[in-house]
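Working notes, structure below.
The chains referred to below are lettered A, B, ... by the order of the sequence lines, with proteins before strands, and numbering in each begins at 1.
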Amino acid sequence: MRKVDAKEPATSREQRVLEFWKQENIFHKSEKAREGRPEWVFYEGPPTANGLPHPGHVLTRVFKDLYPRYRTMKGYHVMRKAGWDTHGLPVEIEIEKKFGMNGKKDIQAFGIERFVQACRESVFKYEEVWRELTERLGYWIDLDHPYMTLTDDYIESVWHLLKIIYDKGWLVEGHRVSPYCPHCETTLSSHEVAQGYKDVKDLSVTAKFRAADDVDGRPTYFLAWTTTPWTLPSNVGLAVNEDLTYVLIHKAKTDENVWVAEGLQGQFVEEGDRVIAQKRGRDLVGSAYTPVFPYVVQEGKKHIVIASPHVTDESGTGIVHMAPAHGEEDYKACQAAGLIFVNFVDESGRFTKDVADYEGRFVKDEELNVDLVKDLAARGLVYEKHKHEHSYPHCWRCDTPLIYYAIHSWFIRTTEFKDALIANSQSVNWIPPHIRDGRMGNFLENVIDWNLSRSRYWGTPLPIWRCDACGEIECIGSRAELEKKAGRLPKELHKPYIDELTWPCRCGRGTMVRVPEVIDVWFDSGSMPFAQLHYPFENQDLFERLYPADFVCEAIDQTRGWFYSLLAISTAVTGRAPYKNVLVLGHVLDEQGKKMSKSKGNVIDPFEAFDKHGADAVRFYFVSNTQPWNSQLFYHRAVAEAKAKYIDLLQNIHQFYALYAGIDGFNPYQVEQVPVAERPLMDRWLIARLHQTIQGVDEAYERYDATQAARLLQAFVDELSTWYVRRNRDRFWADGMGRDKVAAYLTLFEALKTVALLTAPITPFLAEDIYQNVVRLGGDAKHVPESVHLCDFPAADAALVDEALIREMALVLRIVEMGRHLRNESKLKTRQPLAALYVPKAQQDVIAKFADVIQDELNVKEIRFVDLDDIARPMLYLNLNAVGKAFGRKTPMLNEAAKNADETQIRAFRETGAVELAGETLTQEHAEIRYEAKFEGLVTVDNRLFVGLETRLTPELVEEGYVREVISKMQMMRKEVDYGVTHHVRFYAEGDPELLQVIARNRARIDQTVLVREWSDAPLADADLTKEWDVNGKKLTLSVAR
RNA sequence: GCGCCCAUAGCUCAGUCGGCUAGAGCGCACGACUGAUAAUCGUGAGGUCGGUGGUUCGAAUCCACCUGGGCGCACCA
């Protein structure tokens, strides 16, 4: 065993452990050792390695590591395959930036092959950083055999899944209005849109659409509000709700009439205005109006009022302007009413030449919108305008504001199997449970079709070929199928190579050409249960064993991300839920509770945290601080605190054990075992607490409550250190190796060993360090598993959980606490022995068993069992402040009466809470009962217990106090010059003659305690230290030498 | 706008089924210990349990509404 330096920096300890794991291949062995055992299935959600890790990744990885470690110790086989998410817009945008490109035209010019290869190369840009993070954190995951979404095998599996979905008729193309990024020139799915909402201020305008017919000879307008003035040139209709009532208001100031919904008229009727007509929405339908811009010239039904049920009178005017290309509801309502369709915005978000005056201008440009509104205002068509703050979707990667845009896309008809999605989600153990019916439940209730296609380059190609003549389409589900059709395989299953493959259509006239789109990256990652194994082309048996997952864990933003894509694909393909238990984590926030983000500059570098506090401390902090689904504040001071109250404490105990076990050459495997039943009470108590802790920790891990496990461990380690070790220190430095000493060693050994095992999932480094040193004796104990992580999880022995003993010890601790309170009040330091402690006779049976502990802890000569009335007098003690407020001038009189209250009055107060004094009724707010000692000393009482401390000093007690004081000073000097704890040394003393006599009289005891070899008669010439002390007011000068 | 979560000491958090005087750690003040010692232990001060109302013998806990924070959703016209 090696000596332990509790001050060793955590990083150096953790480096040592990492070295050992690597050297001995422990991670690999931990998986190997459980081969053939039942599987406990974990799925890794793939991060993208082209960005740097964030503290949030540390949080998820702590929990992704902890439960697999626990399950492995419980005897399960856990496969831990890493994964990388490699496709998609984020990668493309990086490359665009890198080469100074902007938009798809530039990419085309750059060359798609070159572009795609550049993407491929950049995907693992930060892999090294991720690898280091993973290692430093102690996250055991197989990074050498990861699944990668860009490989042909992976893509082939994804194709297989798409084909199944296609064959079920759920993969369809459609023309609909979707959120669209004009920079990336592609549509986004709902879960991508969800990532990018931001609060922005946009110019909003209430425009006036002049009705064809004047009323009362005055111009009459329909009012409609919009926050997107750029959609007004494409206006083809106005929508009302058939069932709402609309009013016509005569505006006195401008002498014109305006239509708005009745429910909103309050915002439009000003002084002098009046309502001159009222109509149901259905009666307005069909009314013609003049458009506010002249650009819609296409023939057909247009510029009339139509009905749409989605119109409400909750905001705006209750009349909605319709631009069918830019709103899902607009599109549907216009179609239903048979209005024409126009789209004046091109794929890069600019006006086409149809909008002659604004051709080429970007529609989300603020100036353009201002110009449009000015244009309207010049023509008197603005009723009102203002800056409106609202949250508006932005592209989650390039930050461009999205527009709603009617475009051709491929969809998975998730709405078709919505019920199955809901049923599968219901079967999952969501942690915390509210996710099931809350976040996830709501989302699934409102599920919309999955917009799968992206008109981009770097992604899994949509495996659909279409005949350029007859339009027939075919979905390809494997490489073999493709080869059969096309006669060959491409260099890789990516654009542009894949697009080169064509074949003649059955129709005999045309060629089958692949559609240009790639798919949403979320489909890639959601396919991983299948694709990570290249299923069904390989590993069919393995897949059966590894599906579905027992456990997945990500942060809450993945509800609509990975959790959903896994669920949707799995439900579509197998009809089953892909996972059984899902731990949904909260976000990591900074010290002020603000989200950590690069732009705010408040991101704590995970590596800095590891360097400062060690990975164990970070891990323990995240696990113990709060339940993981709550937001977690992350800052250095908090981690340092977690370290101090658990990691350091445990390492201190380890150091203590190693120090003495080293000195004594204690070997737990070679000594004669002392059965627990034959060990002292203290040992039995600790063992009882230990097994109680095993039970609690095991159950907590089992139900995915590692926070509870960590807190139970922390409580146990605290008691182990501050009560067991502190109370039993002298047993470890007793001479020889008697049975009591062996019992103490065995007890502490078992506690340390078990704690190392219990804490291994949470703090794997510290656990290993203790295990190697204490359990494996630095490698000498060959008969125990090589690593703590190869051990079986400890089993609690219920028979050892002596609950009565645990309760009794709690009582003892309470007595000690009360005793220390009295010591504090008496101002008599603990080193001064006192004659007696009084405790309740009623508890004699229990207390007597622990008398020596209590006596020693409080430094009293004797414990006396008494009744409270034997040692204390109850008194009525007034709260003069309260009494003064209530009774004013009678206060002094009442106080006098309280002092003289007799026993019956006090008993009445004790029993009823009220007492009659001098004709007034005093209650508990005015008075309390205090106890006055009947002996020379102090008494304290609580509702269960009382403790009395005798403070009378006899000459003998005083002398002993001096002795203890002198011993203490001598020990401090030994410490200061850093003599070994077993060295015998020489002392010389001079000073107060009385004190010197005390020393002389107590030489035997002092010498034995302080290991004094010789008292010198003359000053020590070779003294290592000389110090002058004040010993209870008497001068003493001491010198020490070896 | 709709939905989910949260709000307890200066800070971070416990508080079980509604039930003793609402707890812990850190910080602060004071003290103790001194063979784990740059470690450790104790005592004390510190609370309108976010607010208002309700249910109840009894509410931090259950209900309603409100306020503040975090997050999510989206036809915010």
Checklist entry - Under a 3.5 Å cut-off for both distances, is B:C33 Watson-Crick or wobble paired, and to whom? => result none

Checklist outcome for this item: Pairing partner of B:A38, by Watson-Crick or G-U wobble and under 3.5 Å for both distances, is none

Item to check | Ring-ring centroid check A:Phe209 A:Tyr221, cutoff 6.0 Å | outcome: no

Checklist entry - Is any N or O donor-acceptor pair between the side chain of A:Arg439 and the base of B:C71 shorter than 3.5 Å? => result yes

Checklist entry - With both distances under 3.5 Å as the test, what is the Watson-Crick or G-U wobble partner of B:U48? => result none

Next on the checklist: When both hydrogen-bonding distances must be under 3.5 Å and the geometry is Watson-Crick or G-U wobble, what is B:A74 paired with, if anything?
Outcome noted: none

Checklist entry - Which base, if any, makes a Watson-Crick or G-U wobble pair with B:G25, both distances under 3.5 Å? => result B:C11

Checklist entry - Among B:C13, B:C41, B:U34, which is the nearest nucleotide to the side chain of A:Thr626? => result B:C13

Checklist entry - For the residue pair A:Trp430 and A:Phe563, does the interplanar ring angle fall in the parallel (under 30°), tilted (30 to 60°) or perpendicular (over 60°) class? => result perpendicular

Checklist entry - Is the gap between the ring centers of A:Phe732 and A:Tyr657 under 6.0 Å? => result no

Item to check | Results of side chain to side chain donor-acceptor pair (under 3.5 Å) for A:Asp1030 - residues two or more places apart only | outcome: none

Item to check | Whole-Å P distance, B:U21 and B:A60 | outcome: 12 Å

